[in-house]
Amino acid sequence: MREVKKALSFILTVEFWRMGIFWTLSLVMSYFQLFWQRVFAKKPNAYPRCPPQRIGTKKPICVITGATSGIGAAAAYDLSKEGFYVVLVGRSSQLLYKMIEWILEKNKDACVEAFEVDLSSFQSILKFKDSLEKWLLDSDMHVSVQLLINNAGILAASHRLTEEGYDQMMGTNYIGAFSLTKLLLPLLKNSPVGSRIVNVTSFTHRNLFNVQIDKETVVGKCLSRSKQYPFSHIYEFSKLCLLMFSYELHRQLHLADESCKVSVIAADPGAVETNIMRELPSCISRMTFIALNLLGLLQSPEEGASSVIDAALAPPEISGVYFFGGKGRTLNSSALSHNIRLAEKLWRSSSDLFLESKLASARTYTS
């Protein structure tokens, strides 16, 4: 009875209808764009998968966040089969080691390592960077990373704060990915073969048409002041930020150095049956999956991971594009996501937050 009351209460909220109507429409529009592209485009925007390059006799290193379930777990297994040494990153050590066992059961030749990291905590990310570098040195491997997949993400139904005082959804879905990328960028640039960053974003970014970007909005303070926590809006905004960050990082890397061997790609898995809606009433999440399945829009984690693998294995020269729908296909993301002025504001705000976190960490270590 309590669960029914909770579900009925949720149905009466703006968030329920925003997710139910606008998220579904944006997903349908994405598939319609694929259909239109296939029928009318002279040349389809699709790329073949290429095998990863080895570093001598050693396997290339892939770091994947949110790797204990869903799309992250499926992608980790697929990449282990493709020949990567997969580094799993997640919040639960117990789930991480279960994942290692699961991958090794299915692929006895897999090379897998795991690190417990909280992507909403800068201190945890910084500790991981140091631990990863030490592990690479101790394992006698080249001190570099060839593939970083920022997959970790949450859909939080209530307002919670990170250690730094940020909204937890913004901290996990965007700020954590930005910080991890900035910290691992020297390792990606140090790779003797081409390296790549894949940011896992979402079709829900299409629901935003006008946003303000400054430090307050990036940390979620302005968005979380309303009486009812606007979690669907914040989720959309976090994924839009991750997408704009992908394009801006691509521009910065390749404008500064045309010979740069680090590529940046966004990947959108579409609607996937994972546990991301675990904080919503269980009957609501079940009904959502049933409805999406009837519409032919719901995918398994293995199917959803295909866009991520397409992005990870796209030809080395491909960068600054948006993969969606599997089969190596790409789409145009929303006009707002390509707004360079907003992207530059986002970069400055995020870089300021990153610098503040580094200075705070330095003070902690010296005190």
Side-chain angles (χ1 to χ4, degrees), residues 61-68 72 76 85-93 95-97 113-139 141-154 156 160-191 195-200 215 218-221 238 241-242 245-246 248-249 252-253 262 264 346-367:
I61 302 293
C62 163
V63 175
I64 179 165
T65 67
T68 54
Y85 199 128
V86 181
V87 176
L88 309 173
V89 173
R91 286 181 295 179
S92 166
S93 57
L95 292 176
L96 284 167
Y97 289 112
E113 184 58 56
F115 291 87
E116 184 179 354
V117 186
D118 179 359
L119 265 295
S120 69
S121 164
F122 185 82
Q123 287 278 6
S124 183
I125 296 170
L126 187 60
K127 182 181 176 182
F128 164 63
K129 189 268 294 186
D130 294 339
S131 299
L132 178 65
E133 288 179 339
K134 184 177 185 302
W135 173 73
L136 289 169
L137 285 167
D138 292 346
S139 303
M141 288 188 281
H142 194 275
V143 185
S144 62
V145 170
Q146 285 64 53
L147 178 60
L148 168 62
I149 300 180
N150 287 310
N151 166 72
I154 61 170
R160 300 189 293 270
L161 296 177
T162 68
E163 292 175 359
E164 288 83 14
Y166 308 153
D167 174 85
Q168 191 178 34
M169 191 150 39
M170 286 301 298
T172 303
N173 295 4
Y174 171 65
I175 300 171
F178 180 92
S179 300
L180 179 63
T181 303
K182 288 275 283 185
L183 288 171
L184 296 190
L185 200 53
L187 292 176
L188 288 152
K189 288 181 175 179
N190 197 42
S191 174
S195 58
R196 172 161 291 158
I197 299 157
V198 176
N199 290 324
V200 181
K215 282 167 67 174
V218 171
V219 301
K221 285 185 179 178
S238 70
C241 288
L242 193 57
F245 164 56
S246 303
E248 182 61 21
L249 180 58
Q252 295 222 6
L253 288 172
V262 182
V264 189
L346 176 66
W347 182 273
R348 287 195 298 271
S349 298
S350 305
S351 296
D352 287 346
L353 292 169
F354 178 79
L355 183 59
E356 288 171 11
S357 296
K358 281 192 75 173
L359 291 173
S361 295
R363 286 195 294 269
T364 301
Y365 285 131
T366 55
S367 61

Ring centroid separation for Trp347 and Phe178, is it under 6.0 angstrom?
-> yes
Can you measure from CZ (Arg91) to OG (Ser120) and round to the nearest 0.5 angstrom?
-> 7.0 Å
Answer yes or no: is there a side-chain heavy-atom contact under 4.5 Å between Phe128 and Leu180?
-> yes
Looking at CG of Asn190 and CG of Leu184, how far apart are the two atoms once the value is rounded to the nearest 0.5 Å?
-> 12.0 Å
For residues Ser350 and Tyr174, report the shortest heavy-atom separation together with the two atoms involved.
-> OG-OH, 2.6 Å
Under the side-chain hydrogen bond (donor to acceptor under 3.5 Å, both in side chains) test, which residues partner Lys358, sequence neighbours left out?
-> none
Kindly write out the residues that satisfy side-chain hydrogen bond (donor to acceptor under 3.5 Å, both in side chains) with Thr68, not counting sequence neighbours, or none if the list is empty.
-> none
Going from OG on Ser238 to CD1 on Ile175, what distance comes out if it is rounded to the nearest 0.5 angstrom?
-> 10.0 Å
Heavy-atom distance under 4.5 Å between the side chains of Asn173 and Leu242, does that happen here?
-> no
Non-hydrogen atoms of Ala114 and Leu96 that approach each other most closely | CB-CB, 3.9 Å
Would you please name every residue forming a side-chain hydrogen bond (donor to acceptor under 3.5 Å, both in side chains) with Glu133, sequence neighbours left out?
-> none
Ser357: partners by side-chain contact (heavy atoms from CB on, under 4.5 Å), with sequence neighbours left out = Phe122, Glu164, Tyr166
Calculate, to the nearest 0.5 Å, the distance between atoms OG and CG belonging to Ser195 and Leu188 respectively.
-> 4.5 Å
Lys127 side chain near Ser121 side chain, heavy-atom distance below 4.5 Å | no
Mind checking the NZ-CG spacing from Lys215 to Asp352? Nearest 0.5 Å is all I need.
-> 5.0 Å
Is the shortest heavy-atom distance from the side chain of Val219 to the side chain of Met170 under 4.5 Å?
-> no
List the steps and the verdict of side-chain contact (heavy atoms from CB on, under 4.5 Å) for Trp135 and Ser131.
-> CA-CA 6 Å; Trp135 173 73; Ser131 299; over 6 Å; no
In residues 142-154, what donor-acceptor pairs under 3.5 Å come from side-chain atoms, sequence neighbours left out?
{"from": "His142", "atom 1": "ND1", "to": "Ser144", "atom 2": "OG", "distance (Å)": "2.9"}
{"from": "Ser144", "atom 1": "OG", "to": "Gln146", "atom 2": "NE2", "distance (Å)": "2.9"}
{"from": "Gln146", "atom 1": "OE1", "to": "Ile61", "atom 2": "N", "distance (Å)": "2.8"}
{"from": "Gln146", "atom 1": "NE2", "to": "Ser191", "atom 2": "OG", "distance (Å)": "2.9"}
{"from": "Asn150", "atom 1": "ND2", "to": "Thr181", "atom 2": "OG1", "distance (Å)": "2.9"}
{"from": "Asn150", "atom 1": "ND2", "to": "Asn199", "atom 2": "OD1", "distance (Å)": "2.8"}
{"from": "Asn151", "atom 1": "ND2", "to": "Thr65", "atom 2": "O", "distance (Å)": "3.1"}
{"from": "Asn151", "atom 1": "ND2", "to": "Gly66", "atom 2": "O", "distance (Å)": "3.0"}

Please name the pair of heavy atoms, one in Val262 and one in Leu185, separated by the smallest distance, quoted to 0.1 Å.
-> CG1-CD1, 4.4 Å
Over all heavy atoms of both residues, which pair between Met169 and Ala156 is shortest? Give the atoms and the distance, please.
-> SD-N, 3.5 Å
Minimum heavy-atom distance Ala67-Leu88, with the two atoms named | CB-CD2, 3.7 Å
Identify the two heavy atoms, one from Thr162 and one from Asp167, that lie closest to each other, and give their separation to 0.1 Å.
-> CG2-O, 4.1 Å
Who are the side-chain hydrogen bond (donor to acceptor under 3.5 Å, both in side chains) partners of Arg160, not counting sequence neighbours?
-> Ser158, Gln168, Glu279
Just wondering, are more than 12 heavy atoms of other shown residues or ligands nearer than 6.0 Å to NZ in Lys189?
-> no
Atom pair OG (Ser139) and NZ (Lys134), whose distance is rounded to the nearest 0.5 Å | 9.0 Å
